[in-house]
Amino acid sequence: REASVLVVGAGALGSPAALYLAAAGVGRLGIADDAEVARPDLQAELLHFTPDLGVAKAPSAAAKLAFLNPEVEVVPYAVRLHAGNAAGLLEGHDLVVDGSGSEATRSAVNAAACASRTALVEGGLLGLGGLVMAIRPGETACYRCVFGDDPGAAAPTDVGGGGLGPVAGVVGALMALEALKLLTGFAPPLTDAFLRVELGSLAFTRVPVERRGDCSDCGGG
């Protein structure tokens, strides 16, 4: 109840992640997304319904989360997180869950989280699979340590309305699980590794990684 979490993106990954965090009783949830609900989104984005078409995603998601658990304070930010506002949006939060699917946003989130030592869960989708990674900046490998300065070719990208809903649901649920691990310590989080999920074959692969001494975000070493 004392935790404050910022969910970046109220789409295919942010929707299930925020849903489970609200259900778990996280005290304060910030929801950052500048997009509007579109019809192709509905099959994968569980917090938006047909009457929400054309409505901004952040307040649409906040409304559903408030119905789910009225004891959670939900704060919508109808803005796109970028390098210029990332530090301000992260301020006051204990953890960030990044389901944006944008490489530019991922880079901005990782840099701001490392600078403020804010715990971070990253996720992405690609076809019938995806990736989940938990990060304790300054202690464990960060996103840039693993994927470098140009990770676009290596890291999954959220394909939004074109993705299969159940795949996004699985990856988003895993992101929420890692967030709860980081917040409460009830089980070891997936740090210094990332999980590669291939749901076409139901294969889950844990890939060990290490901090880089030359990392421009976390300083490694």
A.B. asks: Considering all heavy atoms of both residues, which atom of Thr140 and which atom of Ala134 are nearest to each other, and what is their separation?
C.D. replies: OG1-O, 4.4 Å
A.B. asks: Is it true that a side-chain atom of Asp33 and a backbone atom of Ala10 form a donor plus acceptor pair closer than 3.5 Å?
C.D. replies: yes
A.B. asks: For side-chain hydrogen bond (donor to acceptor under 3.5 Å, both in side chains), just list the numbers for Thr118 and Ser116, CA-CA rounded to whole Å, side-chain angles, deciding distance to a tenth of an Å, and then say yes or no.
C.D. replies: CA-CA 5 Å; Thr118 303; Ser116 61; 2.7 Å; yes
A.B. asks: Of the options Val8, Asn85, Leu6, which is the one that meets Leu90 in a side-chain contact (heavy atoms from CB on, under 4.5 Å)?
C.D. replies: Leu6
A.B. asks: When rounded to the nearest 0.5 angstrom, what distance separates CG in Asn110 from SG in Cys218?
C.D. replies: 7.5 Å
A.B. asks: Would a single hydrophobic cluster contain both Val75 and Val109, if residues Ile, Leu, Val, Met, Phe, Trp and Tyr are joined by side-chain heavy-atom contacts under 4.5 Å?
C.D. replies: yes
A.B. asks: Got Met175 and Leu13 here, is their nearest side-chain heavy-atom distance under 4.5 Å?
C.D. replies: yes
A.B. asks: Of all the heavy-atom pairs spanning Arg206 and Pro208, show the shortest one and how long it is.
C.D. replies: O-CD, 3.5 Å
A.B. asks: Is any side-chain heavy atom of Pro166 closer than 4.5 Å to a side-chain heavy atom of Val170?
C.D. replies: no
A.B. asks: With clusters defined by side-chain heavy atoms of hydrophobic residues (ILVMFWY) lying less than 4.5 Å apart, directly or transitively, does Leu46 cluster with Val171?
C.D. replies: no
A.B. asks: The test is side-chain contact (heavy atoms from CB on, under 4.5 Å); show your working for Leu174 and Val197 and say whether it passes.
C.D. replies: CA-CA 10 Å; Leu174 289 171; Val197 179; 4.0 Å; yes
A.B. asks: Would Glu178 and Val132 count as a side-chain contact (heavy atoms from CB on, under 4.5 Å) here? Give the steps.
C.D. replies: CA-CA 8 Å; Glu178 291 306 311; Val132 178; 4.0 Å; yes
A.B. asks: So that I know where these two stand, are Tyr143 and Phe194 an aromatic pair - ring centroids less than 6.0 Å apart?
C.D. replies: no
A.B. asks: So that I can tick it off, tell me whether Arg117 and Glu139 are bridged by a salt bridge, with the cut-off set at under 4.0 angstrom between side-chain N and carboxylate O.
C.D. replies: no
A.B. asks: Quick one: pull up CG in Leu47 and CG in Leu65 and give me the separation to the nearest 0.5 Å.
C.D. replies: 5.0 Å
A.B. asks: Taking side chain as C-beta onward, heavy atoms only, is Cys145 less than 4.5 Å from Cys215?
C.D. replies: yes
A.B. asks: Say whether, by atom type as modelled, one donor and one acceptor occur between the side chain of Asn69 and the main chain of Ala22 under 3.5 angstrom.
C.D. replies: yes
A.B. asks: When rounded to the nearest 0.5 angstrom, what distance separates OG1 in Thr205 from CD in Glu198?
C.D. replies: 7.5 Å
A.B. asks: Would you find a donor on one side and an acceptor on the other, under 3.5 Å apart, between the side chain of Ser15 and the backbone of Gly11?
C.D. replies: yes
A.B. asks: Should Phe204 and Val121 be regarded as members of a common hydrophobic cluster, given that ILVMFWY residues are connected when their side-chain heavy atoms come within less than 4.5 Å of each other, either directly or indirectly?
C.D. replies: yes
A.B. asks: Side-chain contact test, heavy atoms from C-beta onward, threshold under 4.5 Å: evaluate it for Leu183 versus Lys181 and give yes or no.
C.D. replies: no
A.B. asks: Evaluate the side-chain proximity of Met133 to Leu195: yes if any heavy-atom separation is below 4.5 Å, no if none is.
C.D. replies: no
A.B. asks: Give a yes or no on whether a salt bridge exists between Asp41 and Lys57, defined as a side-chain N under 4.0 angstrom from a carboxylate O.
C.D. replies: yes
A.B. asks: If you round to the nearest 0.5 Å, how far is CG of Leu182 from CG of Asp94?
C.D. replies: 11.0 Å
A.B. asks: Less than 4.0 Å between a side-chain N and a carboxylate O, is that true for Asp52 and Lys64?
C.D. replies: yes
A.B. asks: List the atom of Asp217, the atom of Ser107, and the distance in Å for their closest heavy-atom pair.
C.D. replies: OD2-O, 4.3 Å
A.B. asks: What distance separates Leu89 CG from Arg80 CZ, expressed to the nearest 0.5 Å?
C.D. replies: 12.5 Å
A.B. asks: Is any side-chain heavy atom of Leu42 less than 4.5 Å from a side-chain heavy atom of Thr50?
C.D. replies: yes
A.B. asks: Flag yes if Val74 and Leu180 sit in one hydrophobic cluster, no otherwise; membership is Ile, Leu, Val, Met, Phe, Trp, Tyr, and two members link when side-chain heavy atoms are under 4.5 Å apart.
C.D. replies: yes
A.B. asks: Are Leu68 and Leu21 in one and the same hydrophobic cluster, where Ile, Leu, Val, Met, Phe, Trp and Tyr link if side-chain heavy atoms are under 4.5 Å apart?
C.D. replies: yes
A.B. asks: Of all heavy-atom pairs between Ala18 and Val7, which one has the smallest distance, and what is that distance?
C.D. replies: CB-CG2, 4.3 Å
A.B. asks: To the nearest 0.5 angstrom, please state how far the CZ atom of Arg136 sits from the CG atom of Leu95.
C.D. replies: 10.0 Å
A.B. asks: Under 3.5 Å, is there a donor-acceptor pair between the side chain of Glu36 and the main chain of Val55?
C.D. replies: no
A.B. asks: Do Ser216 and Arg144 have side-chain heavy atoms sitting under 4.5 Å apart?
C.D. replies: yes
A.B. asks: What heavy-atom pair brings Ala112 and Ala86 nearest, and what distance separates the two atoms?
C.D. replies: CB-CB, 3.7 Å
A.B. asks: Would you list the atom pairs, donor with acceptor, under 3.5 Å between side chains in residues 24-32 and any protein atom, with sequence neighbours excluded?
C.D. replies:
unit_1 : atom_1 : unit_2 : atom_2 : d
Arg28  : NH1    : Ser4   : OG     : 3.3
Arg28  : NH1    : His93  : NE2    : 3.0
Arg28  : NH2    : Tyr77  : OH     : 3.1

A.B. asks: Got more than 12 heavy atoms from elsewhere within 6.0 Å of CZ, Phe67?
C.D. replies: no
A.B. asks: Do Arg211 and Cys142 come close enough that some side-chain heavy atom pair is under 4.5 Å?
C.D. replies: no
